[in-house]
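For reference, the structure discussed in these notes is given below.
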Amino acid sequence: MQKRPLILVTNDDGITAPGVRTLISVMNEIGDVIVIAPDSPQSGMGHAITLDSTIYCDAVTIDEGPQLEYRCSGTPADCVKMAISEILNKKPDLCVSGVNHGSNSSINVIYSGTMSAAVEAGIEGIPAIGFSLLDYSWNAHFDHLKADIKKIALNVLDHGLPDGVVLNVNFPKVESKKFKGIKICRQARANWVEEFDKRVNPQGKEYYWLTGKFVNLDPGEDTDVWSLENGYIAIVPVGFDMTAHHFLPALNQWKLS
């Protein structure tokens, strides 16, 4: 009998979030599951790590199941580091992060704690996937994602991923709960146009709330944003070598010596 793979599960919405509970249930069908996830929401943390305060990581039982679970006071990237350095006695065969409550398409991958956890695993040479649903509600429904989550995870286990590549998987919010299919995409060129809502507290001190609008600047029909807007699951292979390789020849022509 083939040995079941060891699967690390994490997220950025916190260990009790419905999205990660769904992901755990699917991974239990595939392998032996270890969960190390934040003890509270960590959305928008990007690849932050904890340097100037203590980190706690405690075994917990959230619901029934064969998985082993740990609640970590750190960031999503901290959770993966903690798993590899302290909790596990070997590298997992797969790391899955999510399912995030909200999209991580396009430029959102930069800010995402969900994807940063996957990237941290990728840095350690672990095949990794970040899963997100374009529904920000805490009470979002995830059951209709299960079959495709399992299919994608099994393909990664079967085929592996190249060094330096993780997968960013985004599910559209569809009323029928049926997707048109899966699209392999590139990241759309888009950004947030941000504003700060300036307010005054009862003591007269000014403070700000960050607000903004997501603006898609990309007319292409091969992007993650287009796929989500048209009812498709979007898969983008994400690299974490941030070198602008196409600019190296021109930069070498500068008179710098």
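Scope of the values below: all heavy atoms of this structure, side chains included, with no hydrogens, waters or symmetry mates. Worth saying up front: this structure is predicted, and the values here are computed from it rather than measured.
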Task: Trace of the side-chain contact (heavy atoms from CB on, under 4.5 Å) decision for D93 with R4 - done: CA-CA 10 Å; D93 300 292; R4 282 164 63 85; over 6 Å; no
Task: Check ion pair K183-E221 (N to O, under 4.0 angstrom) - done: no
Open item on the list: Tell me whether the count of non-hydrogen atoms from other residues, nucleotides or ligands lying under 6.0 Å of NZ in K173 goes above 12.
Closed with: no
Task: Residues, nucleotides or ligands: over 12 heavy atoms within 6.0 Å of D241 CG - done: yes
Task: Qualifying residue, where the test is side chain to side chain contact (heavy atoms under 4.5 Å, CB included) with S112 and the options are V119, I107, N104 - done: N104
- [ ] Spell out, yes or no, whether V165 and M115 are grouped together once hydrophobic residues are joined by side-chain heavy atoms under 4.5 Å, including indirect joins.
- [x] no
- [ ] Could you check whether the rings of H144 and F179 sit parallel, tilted or perpendicular, using 30° and 60° as the cut-offs?
- [x] parallel
- [ ] With T114 as reference, evaluate N100, T10, D13, N11 under the side-chain hydrogen bond (donor to acceptor under 3.5 Å, both in side chains) test and give the passing residue.
- [x] N100
- [ ] Consider only side-chain N and O atoms of S137 and N139, and report whether a donor and an acceptor are under 3.5 Å apart.
- [x] no
Task: Residue pair D78 / T50, side-chain donor-acceptor N/O under 3.5 Å - done: yes
Task: CD1-SG distance between I15 and C79, expressed to the nearest 0.5 angstrom - done: 8.5 Å
Task: Nearest-0.5 Å distance that lies between atom CD in E194 and atom CZ in F214 - done: 11.5 Å
How far apart are the closest heavy atoms of [X] and [Y], and which atoms are they?
X    : Y    : answer
A188 : V225 : CB-CG2, 3.6 Å
I36  : A83  : CD1-CB, 3.6 Å
A118 : G130 : CB-N, 4.0 Å
F171 : D148 : CE2-CB, 3.9 Å

Donor-acceptor under 3.5 Å ([X] side chain, [Y] main chain):
X    : Y    : result
R189 : L217 : yes
K91  : E124 : yes
K198 : E206 : no
D224 : Q187 : no
N28  : S25  : no
R186 : P237 : no
S116 : H47  : yes
H101 : A140 : no

TODO: Identify, with sequence neighbours excluded, every residue that meets side chain to side chain contact (heavy atoms under 4.5 Å, CB included) alongside P127.
DONE: L94, V156, L161
TODO: Please lay out, stage by stage, how V35 and I24 fare under the test side-chain contact (heavy atoms from CB on, under 4.5 Å).
DONE: CA-CA 8 Å; V35 183; I24 292 166; 3.6 Å; yes
TODO: Take L145 and T22 through the test side-chain contact (heavy atoms from CB on, under 4.5 Å) and record every step on the way to the result.
DONE: CA-CA 9 Å; L145 314 183; T22 299; 5.7 Å; no
